[in-house]
2 protein chains.
Amino acid sequence: MARFTHPRLEDVPLDLALHALADPNRLEMVARLAAAERLRCSDAAPCEAIPKSTLSNHLKLLRAAGLIETTQAGREMINTLRRSEFDRRFPGLLDAVLANRPA
Amino acid sequence: MARFTHPRLEDVPLDLALHALADPNRLEMVARLAAAERLRCSDAAPCEAIPKSTLSNHLKLLRAAGLIETTQAGREMINTLRRSEFDRRFPGLLDAVLANRPA
DNA sequence: TTCAACAGTTCAATATTCCCGAACTATTAA
DNA sequence: TTAATAGTTCGGGAATATTGAACTGTTGAA
């Protein structure tokens, strides 16, 4: 099964990071990861209704934006927020976005 | 000639605001407006090469995101950043984004 | 007054990106 | 083995973005 590639944060452009956050579903996923530390893909999903392939795509985009790390554990994929690295790369950005997230 | 519609900031969703900022050209335009107060469309352009119709579209999107206000002055359109309103709606967001903008 | 130039918008066609069903891969439990 | 689970990848239709060409309004000059 695919092994994921995680970019170095210094290689992530701001546009890409903002683009990743500029989607309600992905932002909800990031918020869940910010609250939960470790989440399987299906548990990171923003809602029940979202198709698996769409979810997988969102997670891929979040990885490319340096926001999450995914590791395999048995047949599950465990996702975590790369919070400290992301904060070092874009100080204050994630805080500001999460703080302004709709309820 | 068209008269522009400017949304109330409370009607602007976070996604839309982030999407507007998640583009290098638009972000550059916002940065210029943040530095200059009042700018004609062509002076707000991120570079020489960008076509007029594309520029016009970017400005429309920035208007829809509540980031700028456009008023007519003779045959020119004058754009200004709706800084204080935007900051009230999304505290800290624009600062964080601008601060992390590439040089 | 026309008329040409200017500043920008709108339209429509093309190009790009996104979404999601279907097929696939890998791992585990029976 | 086999069936179930957890997710990825592929491909095609839907939605967005880009941009050249035509258009609208405004101004200054003949």
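Computed from heavy atoms alone, side chains included, the values below leave out hydrogens, waters and symmetry copies. Labels below follow one simple rule: chain letters A, B, ... track the order of the sequence lines, proteins then strands, and each chain is numbered from 1.
- A straight line from CD of Glu76(B) to P of dT27(D) spans 10 Å, rounded to a whole angstrom.
- For Gln72(B) (side chain) and Gly74(B) (main-chain N/O), a donor-acceptor pair under 3.5 Å exists by modelled atom type.
- Terminal axes of the helix from dT1(C)-dA30(D) to dA30(C)-dT1(D) (five pairs each, C1' rotation axis) are separated by 0°, to the nearest 10°.
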Only distances under 3.5 Å count here; give the side-chain donor-acceptor pairs of residues 10-22 of chain B to other protein atoms, sequence neighbours excluded, each with its distance to 0.1 Å.
residue: Asp11(B); atom: OD1; partner: Arg8(B); partner atom: NH2; Å: 3.4
residue: Asp11(B); atom: OD2; partner: Arg8(B); partner atom: NE; Å: 2.9
residue: Asp11(B); atom: OD2; partner: Arg8(B); partner atom: NH2; Å: 2.9

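- To the nearest angstrom, C1' of dA7(C) lies 15 Å from CZ of Arg3(B).
- A 4.5 Å side-chain heavy-atom check between Asn79(A) and Asp43(A) finds every atom pair outside the cut-off.
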For residues 45-66 of chain A, which side-chain N or O atoms pair as donor and acceptor with protein atoms under 3.5 Å away, sequence neighbours left out?
residue: His58(A); atom: ND1; partner: Arg26(A); partner atom: NH1; Å: 3.1
residue: Arg63(A); atom: NH1; partner: Thr70(A); partner atom: OG1; Å: 2.9

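- With sequence neighbours left out, the salt bridge (charged side-chain N to carboxylate O under 4.0 Å, His left out) criterion links Arg89(A) to no other residue.
- Under the 3.5 Å distance criterion, the side-chain polar atoms of Glu85(B) are left unmatched by any main-chain donor or acceptor of Asp87(B).
- Along DNA chain C, the nucleotide nearest to Arg26(A) and the one nearest to Ala73(A) differ in position, and the one closer to the 5' end is contacted by Arg26(A).
- Applying the salt bridge (charged side-chain N to carboxylate O under 4.0 Å, His left out) rule to Arg32(A) yields the partners Glu28(A); only residues at least two apart in sequence or on another chain are considered.
- Distances were taken from every side-chain heavy atom of Arg75(A) (C-beta onward) to each of dA29(C), dA7(C), dT18(D); the shortest belongs to dA29(C).
- Distance Ile68(A) CD1 to dG7(D) P: 12 Å, rounded to the nearest Å.
- Proximity of a side-chain donor or acceptor of Asn100(B) to a complementary backbone N or O of Pro91(A) within less than 3.5 Å is detected.
- With contacts defined as side-chain heavy-atom distances shorter than 4.5 Å, the pair Arg88(B)/Leu9(B) does not qualify.
- A straight line from CG of Leu62(A) to P of dG7(D) spans 15 Å, rounded to a whole angstrom.
- With rounding to whole Å, Gln72(B) atom CD is found 10 Å from dG25(D) atom P.
- Between Leu16(B) atom CG and dA17(D) atom P there is a gap of 10 Å when expressed in whole angstrom units.
- Residues from residues 40-61 of chain B that place a heavy atom under 4.0 Å from any atom of DNA chain D, listed by number: Pro51(B), Ser53(B), Thr54(B), Asn57(B), His58(B).
- When the P atom of dT16(D) is taken as reference, atom CG of Asp23(B) falls 16 Å away, rounded to whole Å.
- In this structure, the nucleotide among dG25(D), dT8(D), dC18(C) sitting nearest to the side chain of His19(A) is dC18(C).
- If you take CZ of Arg63(B) and C1' of dG8(C), they are 10 Å apart, rounded to a whole angstrom.
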